[in-house]
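Step one of this worksheet: look at the structure below.
Given the structure is predicted, the values throughout are model-derived calculations rather than measurements.
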Amino acid sequence: MEKNFKTEDSLKQHFGFTEADFEQIKERGISLEKIETELLLFQSGIPKIYLERPATINDGIVKLSREEFQQQADYFDTKKGTLKLKKFVPASGAASRMFKFLNEFLNEFDYENETINAYINRKKDKNLPVFLAGIEKFPFYDELKNQLKELYADYYTLEAHEKSYRFIQQMLDPKSFDFANKPKGTLAFHRYKTHIATPVEEHLNECAFYASSNSVSHLHFTVSENHENLFRKIIGQVKGQVEAQSGTKTSVSFSYQHKSTDTIAVDIKNRPFRNEEGQLVFRPGGHGALINNLNELEADVIFIKNIDNVIQNHIQETTLYKKGLAGVLLQLQTEVFQILRAIDDQKINEKDIQNVLDFMIQKLNIDLPEDFIKYTLKNKIDFIKNKLNRPIRVCGMVKNEGEPGGGPFWVRSYKGNVSLQIVESSQVDTHNAEQVEILAHATHFNPVDLVCATKNHKGEKFDLHQFVDPSTGFIVHKNSKGKELKGYELPGLWNGAMSKWITIFVEVPLVTFNPVKTVNDLLKPAHQPQYDN
């Protein structure tokens, strides 16, 4: 790594960096420019996103009939034979939030002096009663119950509330099942007649349905390094069966969140935060860091979906809409490539410009500068090429049913141009009544259902780092051993990390969105077996 002496001097002078600090930074593979940029961001603050209006049907969101989705899916099927497809699944997160209310119960329940019902009333806990009422329906119930019977000779004589308490205790015990510290992808999610399935298996299965061409599918997980073996073990157990049932060979690959994407922490006065040994403290950069992992993938079409958004039922429905989104992507990409090739061949003239602009405005939601009409022909063509020579993403959007998460909006940049973006509520100035009003009128939200094309019209991979908006990261407040610190999270993978992509939003039905945010979500119909009905 080349030294930038100007940056090094600046970090010494303004932030008190030492030679030991520079050595620590070098070991992590982080550039000094990145460190300086982050420190300056803490000082200046991150500007809030300016919402112009929500994206709605026919104003930023395309609505297709089922028949139109089928046509797009059929189109995708006719084209996929010449394409390498890949499914990209961020899967490094632990399941701690899934079991948050159960951990709180174990920490705060007074086992000696109160009943579980008394605890529920005292804490006004709405989640625990749901969990207990459905306890036998969880896919991990039988395995846990069998272990409890082995551990406790008096199991059958225990009161119901004692059984429940020990069940939860066993689930979360670090020396036993330790569910809260395992990756979501490796937990039991679905009960079938013959076996229990994890999200890893469900993603393998889905991949064969819609992300395969020429009887081969490619699945890529981003995982934490210390959990890779857990994923590999599950894949080793189920891959052969999935391949036999689908008639598709599946290639699975892994990557980790790069240490070089970690970000520096500061104290409340925006000075570098140091641990008890006086060393700089770095934090993971959030899921926006995965733009590096995405950038390294070799594929023509990449499907992106979260690890917990899997389904036990309606796989055919999911397949139809995923393929439909891919069909939309390929149709638009074909038109974009035709225009870019015509520009390369110098076959675009003044009379062609208006048709190109109509396509850009109506199909790709691209905003024109107010004075565009005054541009010379060369400047018009340069503008068109700049706007079209970019990665493309087609994002499924579901109707807003009150689920937390980002949403689709028209956003105005500080330069004045308007673009479609996926925006999190934390990016919006909630002290601005007008912005809060726009936020409240969102009709759809982002289920993380993306289909992406990351190559240009010459078949070359884009450098995805060139299309990130660095001003859209997040400053978060944390605590380290009683000391307050601030951290910087990189622009979210589908937020600012894709800010400068060509973006199309398409409404998809709610049946395609079945995330498991808490363990109780596994009791919903999408995650329960239907073979008994």
Any chance you could measure Met397, atom CE, to Asp449, atom CG, to the nearest 0.5 Å? 9.0 Å

Other residues, nucleotides, ligands: >12 heavy atoms within 6.0 Å of Lys233 NZ: no

Could you tell me how the ring of His527 sits relative to the ring of His190: parallel (under 30°), tilted (30 to 60°) or perpendicular (over 60°)? parallel

Consider ring-ring contact (aromatic ring centres under 6.0 Å, His included). Of Phe189, Phe167, Phe140, which one does Phe179 pass it with? Phe140

Holding to side-chain contact (heavy atoms from CB on, under 4.5 Å), I want the full list of residues that pass it with Glu143, two or more places apart in sequence or in another chain. Phe177

Please check: side-chain N/O of Thr186 versus main-chain N/O of Leu230, any donor-acceptor pairing under 3.5 Å? no

Sort out for me which residue in Lys87, Lys80, Lys322 forms a side chain to side chain donor-acceptor pair (under 3.5 Å) with Tyr210. Lys87

Does the pair Gln70 and Asp74 meet the rule for a side-chain contact (heavy atoms from CB on, under 4.5 Å), with working shown? CA-CA 6 Å; Gln70 188 63 61; Asp74 292 344; 3.0 Å; yes

Below 4.5 Å, heavy atoms only, C-beta onward: do Leu297 and Thr454 meet side chain to side chain? no

Which distance, rounded to the nearest 0.5 Å, do you find between the CG of Leu158 and the CG of Leu148? 9.0 Å

Without swapping roles, check the side chain of Thr261 against the backbone of Gly285 for a donor-acceptor pair under 3.5 Å. no

With rounding to the nearest 0.5 Å, note down the distance linking CG in Leu187 to NZ in Lys182. 7.5 Å

Does NZ belonging to Lys149 count more than 12 external heavy atoms closer than 6.0 Å? yes

Distance check, rounded to the nearest 0.5 Å: Ser419 atom OG versus Leu364 atom CG? 13.0 Å

Does a donor on one side chain and an acceptor on the other come within less than 3.5 Å for His195 and Gln241? no

Closest heavy-atom pair, Ile61 versus Pro408, reported as atoms and distance to 0.1 Å, is CD1-CG, 3.9 Å

Validation row: Val508, Phe69 side chains within 4.5 angstrom (heavy atoms): yes

Under a 4.5 Å cut-off applied to non-hydrogen side-chain atoms, are Ile422 and Cys395 in contact? yes

What residues form a side-chain contact (heavy atoms from CB on, under 4.5 Å) with Pro129, not counting sequence neighbours? Ile120, Asp125

List the steps, then state whether side-chain contact (heavy atoms from CB on, under 4.5 Å) holds for Thr443 with Lys399. CA-CA 6 Å; Thr443 58; Lys399 284 183 180 175; over 6 Å; no

Any side-chain heavy atom of Phe282 sitting closer than 4.5 Å to one from Lys259? no

Asn309 (side chain) donor-acceptor with Asn514 (main chain) under 3.5 angstrom: yes

Ignoring hydrogens and angles, tell me if any N or O in the side chain of Gln333 forms a donor-acceptor pair with the backbone of Ile392 under 3.5 Å. no

Using the side chain to side chain donor-acceptor pair (under 3.5 Å) definition, which of the options Lys455, His218, Lys86, Lys84 pairs with Glu298? Lys455

Lys163, NZ atom: more than 12 neighbouring heavy atoms under 6.0 Å: yes

Tell me the closest heavy-atom pair linking Phe505 and Ala55, and the distance in Å. CD1-CB, 4.3 Å

Restricting to non-hydrogen atoms, name the atom on Lys239 and the atom on Thr250 that form the minimum distance, rounded to 0.1 Å. CE-O, 2.6 Å

Please verify the inter-ring angle class for Phe231 with Phe221; under 30° counts as parallel, over 60° as perpendicular, anything in between as tilted. tilted

Side-chain donor/acceptor of Asn295 to backbone N/O of Leu464, under 3.5 Å: yes

Can you see which heavy atom on Phe138 is nearest to which on Asn520, and at what distance? CZ-OD1, 4.0 Å

Report yes if the side chains of Lys305 and Thr318 come closer than 4.5 Å at any heavy-atom pair, otherwise no. yes

Verify the distance criterion only: is there a donor paired with an acceptor across the side chains of Asn293 and Ser255 at less than 3.5 Å? yes

Taking all heavy atoms of Phe474 and all of Thr472, pick out the closest pair and write down the distance. CE1-O, 4.1 Å

So, for Pro183 and Ala91, which heavy atoms are closest and what is the spacing to 0.1 Å? CB-O, 4.2 Å

Is there a side-chain contact between Phe76 and Val451 in this structure, where contact means two heavy atoms from C-beta onward sitting under 4.5 Å apart? no

Calculate, to the nearest 0.5 Å, the distance between atoms OG1 and CG belonging to Thr248 and Asn205 respectively. 10.0 Å

Side chain proximity check, Leu450 to Trp501, heavy atoms < 4.5 angstrom: no

For the pair Asn306 (side chain) and Pro90 (backbone), establish whether a donor and an acceptor sit closer than 3.5 Å, ignoring hydrogens and angles. no

Indicate yes or no for a side-chain donor-acceptor contact from Arg390 to the backbone of Lys500 under 3.5 Å, with no hydrogens or angles considered. yes

May I ask you to decide if Trp494's main-chain N or O and Arg393's side chain share a donor-acceptor pair within less than 3.5 Å? yes

Taking Asp521 for its side chain and Val516 for its backbone only, find out whether a donor-acceptor pair lies under 3.5 Å. no

Can you confirm whether Val238 sits close enough to Thr198 that some side-chain heavy atom of one is under 4.5 Å from a side-chain heavy atom of the other? no

Students often mix this up, so state it plainly: with edges at 30° and 60°, are the rings of Phe109 and Tyr165 parallel, tilted or perpendicular? tilted

Should Arg66 and Glu317 count as an ion pair when the cut-off is N to O under 4.0 Å? yes

Let me confirm one number: the CD1-CG distance from Ile168 to Leu106, rounded to the nearest 0.5 Å. 6.5 Å

Trace of the side-chain contact (heavy atoms from CB on, under 4.5 Å) decision for Leu128 with Leu102: CA-CA 7 Å; Leu128 188 55; Leu102 294 176; 3.7 Å; yes

Pair Gln72, Val394 - check side-chain contact (heavy atoms from CB on, under 4.5 Å), show working. CA-CA 13 Å; Gln72 294 291 353; Val394 176; over 6 Å; no

Do Lys79 side-chain atoms and Gly327 backbone N/O form a donor-acceptor pair below 3.5 Å? no

Got a salt bridge between Lys363 and Glu335, using NZ or NE/NH1/NH2 to carboxylate O under 4.0 Å? no

